[in-house]
Visitor: 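I am attaching a structure below and will ask some questions about it afterwards.
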Amino acid sequence: MKNGEHFIISLQVGDGITAAVNSREDFSDALKILGTPSSGDFAGETEFLTSKEILRPDSLSSRTKILRGKISTMLLMTDGVADDYYPNHPELLRLYIDLMLNGIIHFPTGAELPKKKKGIFHKKEKAAVVPEPVAYPWVNDTDVEYSLQYSKNIMLENGLTLPELWEMRFDELVCRSRLKSFDISNGSDRSERLCVWLDNYVERGSFDDRTLLVINVT
């Protein structure tokens with residue numbers, strides 16, 4: 001659409017989350033949830049796409065979400081990922097930063113960077129604490145370790161809230177916290193790095209299957 005806007009119609013069946021992110025927006029406007037998880041009478045129960053309940057006009061209407069605006073990324077995920085970033089609004093913005101830190105979403109540089117207010121540590125970068133990536137044994141071979149970086153560790157080490165970290169998402173602290181800054185790469189391309197991250201990131205109480213689709217729409 002004109003002015004770089006996108007027009008999106010989504011209809012979600014089952015659990016998981018569909019979301020749109022505009023990485024150039026302020027915290028309050030950066031995330032739009034485009035699907036509401038649904039369940040049946042029992043935990044983990046969902047409706048089939050072709051079930052009579054789903055195909056009722058009022059059911060389809062209630063599940064349909066419409067968005068018009070500027071976005072940079074679409075995120076479609078199963079509950080195995082969505083539940084690890086709960087409440088999804090706003091915690092999916094932490095997911096977005098995690099994906100940047102681990103080389104799955106591009107970190108803009110130079111002319112790509114949006115004009116924004118100076119970050120919290122802009123004038124005192126040396127005061128910012130850059131956490132070391134955390135190494136875990138690979139799920140398929142415990143003799144192999146993968147190092148991952150977590151935005152929650154940046155927040156913990158520097159006393160930041162998620163809104164504050166989002167304000168700094170393109171600043172030096174986040175840039176220096178990326179795996180790339182430690183000369184670590186978990187794959188030759190983003191799809192491989194995504195697979196490694198999904199297999200190996202650690203979240204307490206996380207046990208469900210993980211599927212995540214990242215669509216760059218800019």
Side-chain angles (χ1 to χ4, degrees), residues 15-37 71-108 113-114 116-117 119-121 128-134 136 146-182 184 186 190 193-208 210-217:
D15 48 21
I17 284 291
T18 304
V21 176
N22 184 351
S23 64
R24 293 173 178 260
E25 270 289 358
D26 293 334
F27 181 81
S28 59
D29 296 317
L31 176 65
K32 304 295 182 184
I33 302 296
L34 297 176
T36 303
I71 64 173
S72 58
T73 307
M74 289 286 296
L75 300 172
L76 290 77
M77 69 201 76
T78 60
D79 58 341
V81 177
D83 290 351
D84 294 338
Y85 291 86
Y86 185 84
N88 300 133
H89 200 301
E91 288 296 311
L92 290 184
L93 293 181
R94 179 168 63 88
L95 167 61
Y96 187 93
I97 297 175
D98 278 347
L99 295 175
M100 282 203 308
L101 290 169
N102 290 280
I104 299 159
I105 287 180
H106 173 65
F107 186 92
L113 286 169
K116 60 185 291 293
K117 297 178 181 179
I120 296 171
F121 292 107
V129 178
V130 177
E132 292 283 336
V134 183
Y136 297 107
Y146 281 109
S147 296
L148 302 174
Q149 185 60 284
Y150 294 84
S151 56
K152 62 183 179 182
N153 290 344
I154 300 177
M155 291 189 287
L156 180 64
E157 293 288 346
N158 293 280
L160 298 170
T161 63
L162 181 54
E164 290 171 337
L165 183 64
W166 183 257
E167 178 189 345
M168 302 171 60
R169 63 199 178 279
F170 301 134
D171 284 6
E172 189 68 16
L173 172 60
V174 175
C175 182
R176 290 193 289 124
S177 299
R178 295 177 300 155
L179 288 185
K180 183 177 180 180
S181 298
F182 292 87
I184 298 172
N186 289 331
R190 295 176 193 174
R193 293 192 286 270
L194 173 60
C195 289
V196 169
W197 180 79
L198 286 171
D199 276 346
N200 292 281
Y201 81 78
V202 173
E203 188 71 26
R204 184 176 181 182
S206 177
F207 59 87
D208 213 342
R210 298 168 176 173
T211 301
L212 173 62
L213 176 62
V214 182
I215 304 173
N216 181 18
V217 297

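Atom set for the values below is all heavy atoms of this structure, side chains included, hydrogens, waters and symmetry mates excluded.
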Visitor: Specify the closest pair of heavy atoms between Ser177 and Phe182, including all atoms of both residues, with the distance to one decimal.
Guide: O-CE1, 3.8 Å
Visitor: Could you measure the distance from the CG atom of Leu162 to the CZ atom of Phe27? Nearest 0.5 Å is fine.
Guide: 4.5 Å
Visitor: Do Val134 and Val202 have side chains that get closer than 4.5 Å, going by heavy atoms?
Guide: no
Visitor: For the pair Trp166 (side chain) and Glu25 (backbone), establish whether a donor and an acceptor sit closer than 3.5 Å, ignoring hydrogens and angles.
Guide: yes
Visitor: Counting distance only, does the side-chain N/O of Ser181 pair as donor-acceptor with the main-chain N or O of Cys175 below 3.5 Å?
Guide: yes
Visitor: Just by distance, do the side chain of Asn158 and the backbone of Val129 share a donor-acceptor pair under 3.5 Å?
Guide: yes
Visitor: Should His106 and Asn216 count as side-chain neighbours, where that means a heavy-atom distance under 4.5 Å?
Guide: no
Visitor: Roughly how far, to the nearest 0.5 Å, is CD1 of Ile97 from CG of Leu92?
Guide: 11.5 Å
Visitor: Any sub-3.5 Å donor-acceptor pair from Gln149's side-chain atoms to Pro131's backbone N or O?
Guide: yes
Visitor: Would you kindly check if the NZ (Lys) or CZ (Arg) of Arg169 is within the cone defined by 45 degrees around the ring axis of Tyr96 and under 6.0 Å from the six-membered ring centre?
Guide: no
Visitor: If you look only at pairs with a residue in residues 147-162, which of them pass as a salt bridge (charged side-chain N to carboxylate O under 4.0 Å, His left out), with sequence neighbours excluded?
Guide: Lys152-Glu203
Visitor: Once you round to the nearest 0.5 Å, how far does CD1 of Ile105 lie from CG of Leu194?
Guide: 9.0 Å
Visitor: Please report the closest heavy-atom contact between Ala128 and Leu173, naming both atoms and the distance.
Guide: CB-CD1, 3.7 Å
Visitor: Please test Leu75 against Ile17 for side chain to side chain contact (heavy atoms under 4.5 Å, CB included), starting from the C-alpha separation and ending with a verdict.
Guide: CA-CA 8 Å; Leu75 300 172; Ile17 284 291; over 6 Å; no
Visitor: Taking the side chain as C-beta and beyond, is there a heavy-atom pair between Val174 and Leu165 under 4.5 Å?
Guide: yes
Visitor: Where do Thr211 and Leu213 land on the side chain to side chain contact (heavy atoms under 4.5 Å, CB included) test, with the steps shown first?
Guide: CA-CA 7 Å; Thr211 301; Leu213 176 62; over 6 Å; no
Visitor: Show your working on side chain to side chain contact (heavy atoms under 4.5 Å, CB included) between Val214 and Arg190 and close with a plain yes or no.
Guide: CA-CA 10 Å; Val214 182; Arg190 295 176 193 174; over 6 Å; no
Visitor: Please confirm whether the backbone N or O of Ser147 pairs with a side-chain atom of Asn186, one donor and one acceptor, at under 3.5 Å?
Guide: yes
Visitor: Take Leu99 and Trp197 through the test side chain to side chain contact (heavy atoms under 4.5 Å, CB included) and record every step on the way to the result.
Guide: CA-CA 9 Å; Leu99 295 175; Trp197 180 79; 3.8 Å; yes
Visitor: Under 3.5 Å, is there a donor-acceptor pair between the Tyr201 and Asn102 side chains?
Guide: no
Visitor: Of all residues at least two apart in sequence or in a different chain, which pass the ring-ring contact (aromatic ring centres under 6.0 Å, His included) check with Phe107?
Guide: none
Visitor: For residues Leu31 and Pro90, report the shortest heavy-atom separation together with the two atoms involved.
Guide: CD2-CA, 4.0 Å
Visitor: Checking side-chain polar atoms at under 3.5 Å, does Asp98 have a donor or acceptor matched by the opposite partner on Tyr85?
Guide: yes
Visitor: Does atom OH of Tyr86 have more than 12 heavy-atom neighbours, drawn from other residues, nucleotides or ligands, at distances under 6.0 Å?
Guide: no
Visitor: Working to the nearest 0.5 Å, report the span between OG of Ser151 and CG of Leu156.
Guide: 11.5 Å
Visitor: Is there a side-chain contact between Asn22 and Asp29 (heavy atoms, below 4.5 Å)?
Guide: no
Visitor: So, the side chain of Ser72 versus the backbone of Ser23: is there a donor-acceptor pair under 3.5 Å, distance only?
Guide: yes
Visitor: About how many Å separate CE of Met77 and CZ of Arg210, when rounded to the nearest 0.5 Å?
Guide: 13.0 Å
Visitor: Check whether any side-chain heavy atom of Thr78 lies under 4.5 Å from a side-chain heavy atom of Asp208, and answer yes or no.
Guide: no
Visitor: Picking from Ile154, Asn153, Leu179, Leu148, what satisfies side chain to side chain contact (heavy atoms under 4.5 Å, CB included) with Leu101?
Guide: Ile154
